[in-house]
Structures are given as C-alpha cells and as structure tokens.
Amino acid sequence: MKPTMHHFGSDGRLEVSFTFQPRNKRGNVNPHSDSRCGSTGKGNIPRVAKLLALAIRFEKLVKRGDIQDYADLARLGYVTRARITQIMNLLNLAPDIQEDILFLPNTMKGRDPILEKDLRPVAAVPHWSRQRKMWVQMRKDRLG
C-alpha cells in the first residue's frame, strides 16, 4: 500500500488515496500490476524529483492560504515539522538545479543515484553559483 494522491476536499480536509498492489508468492510487489506502469516510460521516477514536486505544490498551498503554514502540513501529512523543512528546503536550490532534478532520468534498477539527503548540503549554500558547482560535481559523480 502506498499513498498516491493528496488533495483537499470541499470541506478543507486533506484527502489521501492509496494504491494497493497485489503481491506474488514471495511477498514482492508485482511490478506489472499497476496499470499506469509504463505511462512515463520505463523505470521509476526518482524520489527526489517527486519530493521537489511535492515541495512546489506545498508552497502553492501555503501561498494561496489553503494551508496556514508548514506546521499544518506536517500535522496533515503525519510527518514531523523537521521532515517538512527538509522537503521544503529543496526550494532553496537554484531554479535550473530544480529543473534538472525534476527531469532526472528514470531509475531503471536499483536505488536512485541522487537522494534528497545528498542535496541538503547543496540547498544550504546561499549562493546559486556555488550550488551549481556542487550540483555539476554531484551529477558527474552519480550519473556519469
């Protein structure tokens, strides 16, 4: 079971839908069971790209006033305020780095080469020119 969509109902409450995937005899999720599989190509969208997209969505919700603040997001999402801060800090990255992250190649097998925790030191740097140098090195080291 995994959450797949978050949205707000007409009464202002956060609604979350879940996808249940059948498991094979070994208990593994069947990778072909999701009808959406292949709609974005082969492989999986990197988690860091999903988290950045979520941060962008959360920022819009706060700016529109749908959500009061990040603490509300944490309560509604059943995560800590610290975790929301980690996710939202991705918005401190230079715009071109954010774009690169959103368009990272799908992960074909194994683990994602770039993780959110890897980007924390980059996002903590206040100068975009320095961030870009760090990002170029990280891409070179992790993606080849």
Side-chain angles (χ1 to χ4, degrees), residues 1-23 27-143:
M1 175 176 73
K2 63 180 180 177
T4 57
M5 182 172 46
H6 305 285
H7 66 280
F8 291 88
S10 58
D11 59 357
R13 292 187 303 174
L14 178 67
E15 297 175 7
V16 180
S17 62
F18 291 88
T19 301
F20 294 89
Q21 295 180 327
R23 297 182 179 273
N28 298 324
V29 173
N30 181 348
H32 305 294
S33 64
D34 190 347
S35 62
R36 294 171 296 156
C37 185
S39 64
T40 58
K42 296 186 185 242
N44 296 316
I45 297 170
R47 181 169 171 79
V48 70
K50 293 178 185 179
L51 289 172
L52 178 56
L54 197 60
I56 293 167
R57 172 82 170 125
F58 286 167
E59 183 69 15
K60 286 180 184 176
L61 290 171
V62 171
K63 281 185 178 180
R64 276 196 334 221
D66 294 339
I67 297 291
Q68 184 176 340
D69 55 23
Y70 295 160
D72 268 354
L73 282 171
R75 279 190 295 277
L76 291 168
Y78 298 101
V79 296
T80 64
R81 288 182 297 177
R83 182 62 181 144
I84 289 293
T85 299
Q86 288 172 340
I87 293 168
M88 299 308 291
N89 280 345
L90 292 171
L91 298 177
N92 293 335
L93 294 166
D96 52 314
I97 296 173
Q98 291 183 34
E99 184 176 355
D100 279 355
I101 291 168
L102 291 171
F103 292 101
L104 283 171
N106 287 358
T107 302
M108 301 312 283
K109 67 179 186 177
R111 296 181 182 206
D112 291 341
I114 297 174
L115 306 174
E116 177 270 329
K117 71 177 185 172
D118 300 327
L119 291 168
R120 290 178 199 164
V122 180
V125 173
H127 302 284
W128 285 352
S129 59
R130 291 184 195 156
Q131 286 183 4
R132 288 180 182 109
K133 289 177 184 174
M134 295 170 75
W135 173 244
V136 166
Q137 188 62 50
M138 184 181 299
R139 279 190 62 108
K140 181 181 171 188
D141 293 344
R142 305 280 173 88
L143 299 174

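Since the structure is predicted, the reported quantities are computational estimates derived from the model, not experimental observations.
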* Which atoms form the tightest heavy-atom contact between Pro46 and Pro105, and what is the distance? -> CG-O, 3.4 Å
Which pairs of donor and acceptor atoms, one on a side chain in residues 123-130, lie under 3.5 Å apart (sequence neighbours left out)?
none

* Asn106 vs Asn44 side-chain heavy atoms within contact, under 4.5 Å -> no
* Side-chain contact test, heavy atoms from C-beta onward, threshold under 4.5 Å: evaluate it for Asp118 versus Val48 and give yes or no. => no
* Quick one: which of Leu119, Leu93, Asp96, Val136 gives a side chain to side chain contact (heavy atoms under 4.5 Å, CB included) with Gln131? -> Leu93
* Are any of the side-chain nitrogens in Lys60 or Asp66 under 4.0 Å away from the carboxylate oxygens of its partner? -> no
* Residues Leu52, Ile87; criterion side chain to side chain contact (heavy atoms under 4.5 Å, CB included); working and verdict -> CA-CA 7 Å; Leu52 178 56; Ile87 293 168; over 6 Å; no
* Tell me, please, which residues at least two apart from Arg75 pass salt bridge (Lys or Arg N to Asp or Glu O under 4.0 Å). => Asp72
* Structure fact -> Value for CZ (Arg120) from CG (Leu115), rounded to nearest 0.5 Å, stands at 9.5 Å
* If only atom types and distance count, is the side chain of Arg142 paired as donor or acceptor with the main-chain N or O of Pro113 below 3.5 Å? -> yes
* Taking all atoms of both residues into account, what is the closest heavy-atom pair of Lys50 and Ile45, and its distance? -> CE-O, 3.6 Å
* Asked: Does the side chain of Arg139 reach to within under 4.5 Å of the side chain of Met134, using non-hydrogen atoms?
  -> no
* Asked: So do the side chains of Arg47 and Glu116 get within less than 4.5 Å of each other, counting heavy atoms only?
  -> no
* Asked: Are the side chains of Leu51 and Leu90 in touch, meaning some heavy atoms are under 4.5 Å apart?
  -> yes
* Distance-minimising heavy-atom pair for Ala94 and Arg132 -> CB-NH2, 3.9 Å
* **Pairwise side-chain contact, Asp100 with Trp135, heavy-atom cut-off 4.5 Å (strictly under)** => yes
* Asked: Between Gln98 and Leu91, is there a donor-acceptor pair closer than 3.5 Å when you use the side chain of the first and the backbone of the second?
  -> yes
* Asked: Taking C-beta and beyond as the side chain, do Met88 and Phe58 meet within less than 4.5 Å on heavy atoms?
  -> yes
* **Close side-chain approach of Leu73 and Gln68, heavy atoms under 4.5 Å** => no
* Asp112 and Thr107: side-chain donor and acceptor closer than 3.5 Å? -> yes
* Do Arg64 and Glu59 sit within salt-bridge range, that is, some charged N less than 4.0 Å from a carboxylate O? -> no
* Quick one: pull up CG in Leu76 and CD1 in Ile84 and give me the separation to the nearest 0.5 Å. => 9.0 Å
* **Heavy-atom closest contact (Asp69 atom, Ile67 atom, distance)** => O-CG2, 3.3 Å
